[in-house]
Amino acid sequence: MIRHIFTMMWNRKKSNSLILLELIVTFLVMFSLIALLIYNFRLFNLPIGFTANDNWTITIDTDEPLDSNVFTGLREYTEPTAIINIRDEAMQVLRQINGVKALHTINSLPFTTGGLTTGAYRNGQTEFVGVMLVSEGMPADIGMKLIEGNWFSQEDTGQDWRSAVISKSLRDSLFGNEPVLGEEITSTPSSNANLRRYRVVGVFDQFRKEGEFAEPRHYMFLRDPLIGERAAFNLLSSFSLLMITEGVNSGEFEQQLYTNLSALQSSLPIVRFSINPWERLQREHYIENVSPIIAMGIVVAFMIMLVGFGLFGVLWQNVIQRTREMGVRRALGATGSSVRKQITLEMVVLGLFAVAIGFVIVVQLPISGYVEALEWSLFWSSLVVSSISLLCLCAVCSLYPSWSATKVDPVEALHYE
Amino acid sequence: MIELKDTCKTYQTKNIETLALRGISLQIEKSEFVSIMGPSGCGKSTLLHIMGLLARPGEGAVYLEGEKINSYRDKDVARLRNQKIGFVFQSYNLIPDLNVIDNVEIPLLYRSVSGKERRKLAAEALEKVGLSARLRHFPTELSGGQQQRVAIARAIVGRPKILLADEPTGNLDSKMGDEIMDILEDLQQLENTTVVMVTHDEEKARRCQRIVRMFDGQLVH
């Protein structure tokens with residue numbers, strides 16, 4: 001029966017060309033949406049390497065002017081005393097609030113893009129890495145997992161290199177299976193004035209600052225030196241603090257923070273401050289990433305619905321046009337269920353043609369590498385899911401027309417013109 | 001082979017009730033070649049449809065090889081049609097999107113016959129009607145006579161015991177009509193197939209063993 005239906009659909013290819021085109025377009029749209037969904041679902045299920053609960057970032061902008069010299073004499077540059085004073089005073093005030101377990105400096109907000117980046121060069125290979133400047137104890141306090149070596153400490157200060165804790169992915173890229181602890185990474189291959197040297201003291205498992213929906217990237221954690229390195233990254237007129245809390249009511253705690261920081265603002269040259277609980281940042285990150293997918297999903301759902309109605313209509317009309325054929329088949333021994341099976345299979349076979357043509361189109365993406373994120377495993381899983389979805393759509397759309405075909409009275413059908 | 005007892009058939013439309021058959025009793029013997037004649041609208045085709053199990057009688061009984069089939073379920077009736085009865089229609093009713101051999105194979109699709117066996121049986125049936133050279137042609141590429149031969153091949157491919165032909169020569173010129181009659185006669189004589197043919201053509205009817213005449217839904221003796 002299958003071969004018979006393939007033959008018939010192939011012979012009808014000209015009259016089925018429009019419906020086939022409609023199915024191909026539907027397949028391509030389904031494939032795009034499903035690839036996007038699977039891609040994001042996979043990202044979402046990867047560990048981010050830290051916990052967001054009970055963490056708050058306070059960012060304080062001051063009116064201290066930038067010194068243009070910071071762009072030249074980087075290593076010798078010392079942070080303006082005024083900034084150090086403001087930060088120290090702010091930390092002192094915040095530490096006194098009930099429920100604050102630890103306070104750290106941090107250079108960038110989680111669940112946001114942007115932040116510091118640098119090159120990481122070793123043995124002719126350069127990787128692009130994100131940099132976190134944090135105070136001692138911060139990685140452990142946010143639940144990061146160290147898999148080799150140690151976190152940095154005060155002893156690293158005063159060297160002509162900075163101690164660095166790097167992500168496992170960076171270690172794998174630059175070192176492969178070689179030992180990594182004590183090895184050096186530089187910011188650039190050449191020994192120019194901007195060269196910065198890092199000595200690897202530890203390796204952590206994972207850190208995805210940009211959140212669950214961002215592609216994992218290499219990261220390097222440096223101890224926030226409060227001098228030199230901050231200048232190199234142009235972090236002079238503002239600073240961020242990370243507060244780890246314990247057993248606090250979020251609403252009341254935030255209110256308390258506002259009160260204390262407002263008081264600080266009146267006594268220090270603070271231009272503005274912002275309070276960002278990490279849970280809120282995470283929630284906003286979800287909304288920001290999931291909303292476009294939902295919007296696209298709604299558009300695609302409407303499109304599929306319209307295509308479904310189209311297929312349904314065309315198929316129904318097709319059945320009416322073929323009333324006589326149905327009558328002949330019944331006269332030759334077809335049962336109602338074999339007629340129903342035939343109509344459904346015809347539609348599914350048409351769907352298979354659409355999948356075959358669609359495959360030839362979409363396979364160009366991983367072959368050409370035009371869409372970087374669409375690697376082969378994502379491609380195959382998206383192809384399987386979108387193909388099954390399209391075939392199901394075809395089968396569902398043929399339910400009523402195939403049922404109505406079984407109701408054709410053979411005698412009437414044979415007289416049908 | 002086929003027996004009808006006091007068979008009545010009424011067609012009901014919105015306002016009109018048409019009595020197509022009025023108490024027909026008829027017996028067709030095995031290997032008999034019978035023609036049914038009568039004016040248009042006298043109920044010939046209805047009688048043929050009831051004998052071919054395409055329509056159910058309103059009243060009376062239909063027996064096929066001694067078995068009363070009135071109460072058979074649709075599924076069982078379809079199986080009987082497929083295995084015991086072949087149909088030939090005036091307008092051939094070939095499927096235009098399928099070539100000759102694919103058209104002939106159709107009745108075998110509804111049996112558990114392998115693809116290879118289907119091809120073999122279809123080719124044999126086409127050989128019987130002299131169309132071995134046209135297996136890959138489409139119906140539109142054939143003459144009316146050739147199309148009717150394909151329809152006969154399709155009707156006999158499953159080796160049915162009964163062949164029902166509804167004006168098989170009605171759309172053909174007399175030469176082609178005679179060729180079709182030759183094939184039907186051969187089937188009846190060489191393969192002992194029971195052939196029942198509806199026709200308007202007195203000359204063609206005379207080539208049959210028995211003529212059943214109808215008028216206004218009744219048999220005329």
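In what follows, chains are A, B, ... by sequence order, proteins preceding strands, each numbered from 1.
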Requested in this report: Write down the atom of B/Y110, the atom of A/G333, and the distance for their closest heavy-atom approach.
Outcome: CB-O, 3.9 Å
Query raised in the report: Any side-chain heavy-atom pair from B/R79 and A/T335 closer than 4.5 angstrom?
Result: no
**Report entry** Per-residue contact mode, B/I106 against chain A (heavy atom under 4.5 angstrom)
**Finding:** side chain
Report task. May I ask you to check whether over 12 heavy atoms, not counting those of B/I16, lie within 6.0 Å of atom CD1? Result -> no
Query raised in the report: Would you say B/Y11 has more than 12 foreign heavy atoms packed within less than 6.0 Å of its OH?
Result: yes
Report task. For residues A/V328 and B/F87, determine if any side-chain heavy atom of one lies less than 4.5 Å from a side-chain heavy atom of the other. Result -> no
Query - Which of B/R118, B/R81, B/Q83, B/K75 touches chain A most, by non-hydrogen pairs under 4.5 Å - result: B/R81
Query raised in the report: Quick check: are there more than 12 heavy atoms from other residues, nucleotides or ligands sitting under 6.0 Å from CD of A/E284?
Result: yes
Query raised in the report: Which region of B/L54, side chain (C-beta onward) or backbone (N, CA, C, O), has a non-hydrogen atom less than 4.5 Å from a non-hydrogen atom of chain A, or is it both or neither?
Result: both
**Report entry** More than 12 heavy atoms of other groups within 6.0 Å of A/K13 NZ
**Finding:** yes
Query raised in the report: Relative to chain A, which segment of B/R154 carries a heavy atom at a distance below 4.5 Å: side chain, backbone, both, or neither?
Result: side chain
Query raised in the report: Can you tell me if CG on A/N45 sees more than 12 non-hydrogen neighbours from other groups inside 6.0 Å?
Result: yes
Query raised in the report: Taking it one step at a time, do B/L109 and A/R329 satisfy side chain to side chain contact (heavy atoms under 4.5 Å, CB included)?
Result: CA-CA 10 Å; B/L109 293 171; A/R329 286 182 183 273; 4.3 Å; yes
Query - Closest heavy-atom pair and its distance - B/A78, A/A334 - result: CB-O, 3.9 Å
Query raised in the report: Any side-chain donor-acceptor pair under 3.5 Å between A/R324 and B/S91?
Result: yes
Query raised in the report: Crowded around A/K341 NZ? As in, over 12 foreign heavy atoms under 6.0 Å?
Result: no
Requested in this report: Identify which of A/S338, A/G336, A/A331 forms the greatest number of heavy-atom pairs closer than 4.5 Å to chain B.
Outcome: A/A331
Requested in this report: Please determine, among B/I85, B/L98, B/L80, B/D102, the option with the most heavy-atom pairs under 4.5 Å with chain A.
Outcome: B/L98
Report task. Nearest 0.5 Å please: distance from the CE atom of A/M8 over to the CD1 atom of B/I95. Result -> 6.5 Å
Report task. Taking atom CD of A/Q364 as the centre, report whether more than 12 heavy atoms of other residues, nucleotides or ligands fall under 6.0 Å from it. Result -> yes
Query raised in the report: Can you pull out the residues in residues 61-70 of chain B with any heavy atom less than 4.5 Å from chain A?
Result: none
Query - Any donor-acceptor pair under 3.5 Å from A/N11 side chain to B/D97 backbone - result: yes
Query raised in the report: Does B/R159 CZ have over 12 foreign heavy atoms under 6.0 Å away?
Result: no
